Amino acid sequence: MSDKVRPRILKGMRDLPPEQMRARREMIDKIRIVYERYGFAPLETPTLEYVDALGKFLPEADQPDGGIFAFRDEDREWIALRYDLTAPLSRYFAMNKATLPRPYRRYQVGPVFRMEKPGPGRYREFYQFDFDSVGTSSMLADAEACMVMCDALEALGIEAGEYMVRVNNRKVLNGVLERVAGGDTLPPEVTHQVLRSIDKLDRLGIEGVAALLGPGRKDESGDVMKGVGLSVDQIKIVVGYLTAESATRMNVCDELESLIGESAIGREGIAELREIDTALTAGGFGEDRVVFDPTVVRGLAYYTGPVFEADLTVEIVDGSGRPRQFGSVFGGGRYDDLIARFTGEKVPATGASLGVDRLLAALIELGKIDAEPATAKVLVTRLDKNLTAEYQKIAGELRSAGINTELYVGKQGIGKQFKYASATGKTVCVVLGEDEMGKGEVSIKDLRLGDELSKEIGADRKKWLEEQPAQLSVPRLGIAESVREVLARYSSN
RNA sequence: GCCGGUGUAGCUCAGUUGGCUAGAGCGCCUGACUGUGGAUCAGGAGGCCUCGGGUUCGAGUCCCGACAUCGGUACCA
């Protein structure tokens, strides 16, 4: 028997190696710049919250809802890891509403936790990057949210045409449902079912959704899915709404108007969309980047007005050659009732949330970000351990010159040191021995060039080694400049 | 959660109708090469064959269960 501990990792969680850490940090930095350019300011809240603040308490069961990581503290109070950044923002705003400016605009990035089935690109711990405007009901805030989404994606190298921000309004949806109910309101659970069915549109197609709204449908595996049970006429209204497409945002509004009829809430929603269109147009955001799309619902129950979602429209092929769907990477909307849970006072708010890890995976697949593990590109090797003091001096000089430099601190010979250098992503090795010392020189080895040239190394390795075409001798005094020159051959930025 | 596929070395996979010491490629390590990674050659390490039961003289191979993983479906604040 063994008393050793078996190393394990929690389901749906992962360790991030250096190249992913660096890629993610780079991505977050670029987005932060955009958020700040619009005046959003940083906020950080704890990862743990009381369950009631997250709003996921199940009173009947005296237990938190499934789907979150929860436990009890020493006072038997339920505590949970946050599952998004919006609920903590609401809590924070409610606690500080007396002193916070209105609108209060903050951004926040950090890990959130959900106990769901993990899948490719789906984890139980992942990063979200949110920005929100709290305390204004102006549609300018919603329009701006769309602009920020566009700017953020474009800052990451995803250009107009490779993504699309799609906007809808829950109020319009409610107006349609009002018509479905014949001027009445549908029971909440029916509303919810209808929304869920619409949400499956991209997967099932319009016929599939129609079937779901009516009697239900069978999928290929023979599984029966219960339908909502609407009548043919009712389904017709919903389908007509979902298929309302037009060339321009204004045309979509016109078309929706005729579908909505007299519904007051629906008309309000359309008026809001028109305001958003005006702001977007004035801001220079055309139909190539932001469209109005009646099929956008967003699962979240708390949205009360405009909802928006950014999808990648470029085809992404994964390593094994099959196309990968990244779906919505960025989404949000208006949630005017969320903060009232704490304050009683209605505080309008709107914002959006970026799925950092999912978008990062897409960026890597698209080659828009390089997953570079090395923080230092230069390794000062230690050919002759007696010259260590000199090596330290060289490393120090390079660092003073602003060049990230690693001094080899292992104990192995020069061959292993070069191996180590390429394994850790170095591009330059500094080599110095008695020979160079005597001549007042140092050797600089270009590992990448060596990589290239080694393809034609052939059988005569000895000769190749003597020539060392990827290596050059430079004066010891100008070392920083020389290293910088070699590095410059590969600097991509 | 439900349905289906798959679980053999770090990775990708072989493994004949159940039958001797479980294999390959890549990677890794060591050496040829005492001042040079990538080439070549030679060697080497590394396997509770996912786990637990069962059938059998005998199980990596068959049966049951668990777990993991992948895909579909449901849920998704």
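Here the structure is a predicted model, which means the values were calculated and not measured. The basis for the numbers below is simple: all heavy atoms, side chains too, and nothing from hydrogens, waters or symmetry mates. Below, read A as the first sequence line, B as the second, and so on, with proteins coming before strands; counting in each chain starts at 1.
Spacing of C1' atoms, B/rA22 relative to B/rU8, comes out at 8 Å, to the nearest Å. Nucleotides B/rC13 and B/rG60 are separated by 14 Å at their C1' atoms, to the nearest Å. With C1' as the reference atom, B/rU17 and B/rC28 are 38 Å apart, rounded to whole Å. Taking atom P on both B/rA45 and B/rG25, the two are 15 Å apart, rounded to the nearest angstrom.
In this structure, A/Gln128 places its CD atom 10 Å from C1' of B/rA77, rounding to the nearest Å. Whole-Å rounding puts the A/Arg124 CZ to B/rU69 P distance at 9 Å. Rounded to an integer number of Å, the gap from CG of A/Leu338 to C1' of B/rA77 is 10 Å. One can place CD1 of A/Ile9 at 11 Å from P of B/rU69, the figure rounded to the nearest angstrom. Between the P atom of B/rA39 and the CH2 atom of A/Trp464 lies a distance of 10 Å, rounded to the nearest Å. Rounded to whole angstrom, the span from the OH atom of A/Tyr83 across to the P atom of B/rA77 amounts to 9 Å. Residue A/Asp199 contributes atom CG, which lies 12 Å from atom C1' of B/rC75 at whole-angstrom precision. Distance, A/Leu195 CG to B/rC75 P: 12 Å, rounded to whole Å.
Residue ring and nucleobase are not stacked for A/Phe418 and B/rG38 under a centre distance beneath 5.5 angstrom and an angle between planes beneath 30°.
Summarising the base pairing, B/rG65 is matched to B/rC51 through a Watson-Crick or G-U wobble pair whose two defining distances lie under 3.5 Å. Across all strands shown, B/rG72 is found opposite B/rC2 as a Watson-Crick or G-U wobble partner, with both distances under 3.5 Å. With a 3.5 Å ceiling on both atom-pair distances, B/rU16 lacks any Watson-Crick or G-U wobble partner. Across all strands shown, B/rU56 remains unpaired; no Watson-Crick or G-U wobble contact has both distances below 3.5 Å. In this structure, B/rG38 makes no Watson-Crick or G-U wobble pair, since no nucleotide meets both defining distances under 3.5 angstrom. Base pairing of B/rG44 is made with B/rC28, judged by Watson-Crick or G-U wobble geometry with both donor-acceptor distances under 3.5 Å.
For A/Gln471 and B/rG35, a side-chain-to-base donor-acceptor distance below 3.5 Å is absent, hydrogens and geometry of angles not being considered.
For an aromatic pair to be called close, the ring centres must be under 6.0 Å apart, and A/Tyr391 with A/Tyr408 fails this.
For A/Arg196, a side-chain nitrogen or oxygen approaches OP1 or OP2 of B/rC75 to under 4.0 Å. OP1 or OP2 of B/rC76 has not a single side-chain nitrogen or oxygen of A/Lys117 nearer than 4.0 Å. Residue A/His192 places no side-chain N or O under 4.0 Å from the OP1 or OP2 atom of B/rA77. In this structure, A/Gln412 reaches the B/rU30 phosphate: one of its side-chain N or O atoms is under 4.0 Å from OP1 or OP2. In terms of phosphate contacts, A/Lys419 brings a side-chain nitrogen or oxygen within less than 4.0 Å of OP1 or OP2 of B/rC29. The phosphate of B/rA74 (OP1 or OP2) has a side-chain N or O of A/Arg203 nearer than 4.0 angstrom.
Checking B/rC76, B/rU69, B/rG38 against every side-chain atom of A/Lys11, the shortest atom distance belongs to B/rU69. Nearest to the side-chain atoms of A/Lys200 among the listed nucleotides B/rC75, B/rG38, B/rU69 stands B/rC75. Set against B/rU30, B/rU36, B/rG35, the side chain of A/Lys416 has B/rU30 as its closest nucleotide. Comparing B/rG38, B/rG35, B/rU69 by their closest approach to the side chain of A/Leu383 singles out B/rG35. In the set B/rG38, B/rG35, B/rC75, B/rG35 carries the atom at the smallest distance from any side-chain atom of A/Glu434. When the nucleotides B/rG38, B/rG37, B/rG35 are ranked by their closest atom to the side chain of A/Gln468, B/rG38 comes out on top.
The existence of a salt bridge linking A/Arg476 and A/Glu436 is excluded, since no basic side-chain nitrogen approaches an acidic carboxylate oxygen closer than 4.0 Å.
Judged by the 6.0 Å and 45° rule, A/Arg448 forms a cation-pi pair with A/Tyr490. A/Phe418 carries A/Lys445 over the face of its six-membered ring, with the cationic atom under 6.0 Å from the centre and within 45° of the normal. With a 6.0 Å cutoff to the six-membered ring centre and a 45° limit on the axis angle, A/Arg334 does not count as a cation-pi contact of A/Tyr303. No cation-pi contact links A/Arg358 to A/Phe126, judged by a cut-off of 6.0 Å to the six-membered ring centre and 45° from its axis.
Counting any heavy atom pair closer than 4.0 Å across all strands shown, A/Asp435 reaches a base atom. Heavy atoms of A/Gly415 sit under 4.0 angstrom from primed sugar atoms or phosphate atoms, though from no base atom.
Sequence order on RNA chain B of the closest nucleotides to A/Val431 and A/Phe113 puts A/Val431 first from the 5' end.
One side chain, A/Asp130 or A/Ser353, offers a donor N or O that lies under 3.5 Å from an acceptor on the other.
A donor-acceptor pair under 3.5 Å is formed between the side chain of A/Gln234 and the backbone N or O of A/Val180.
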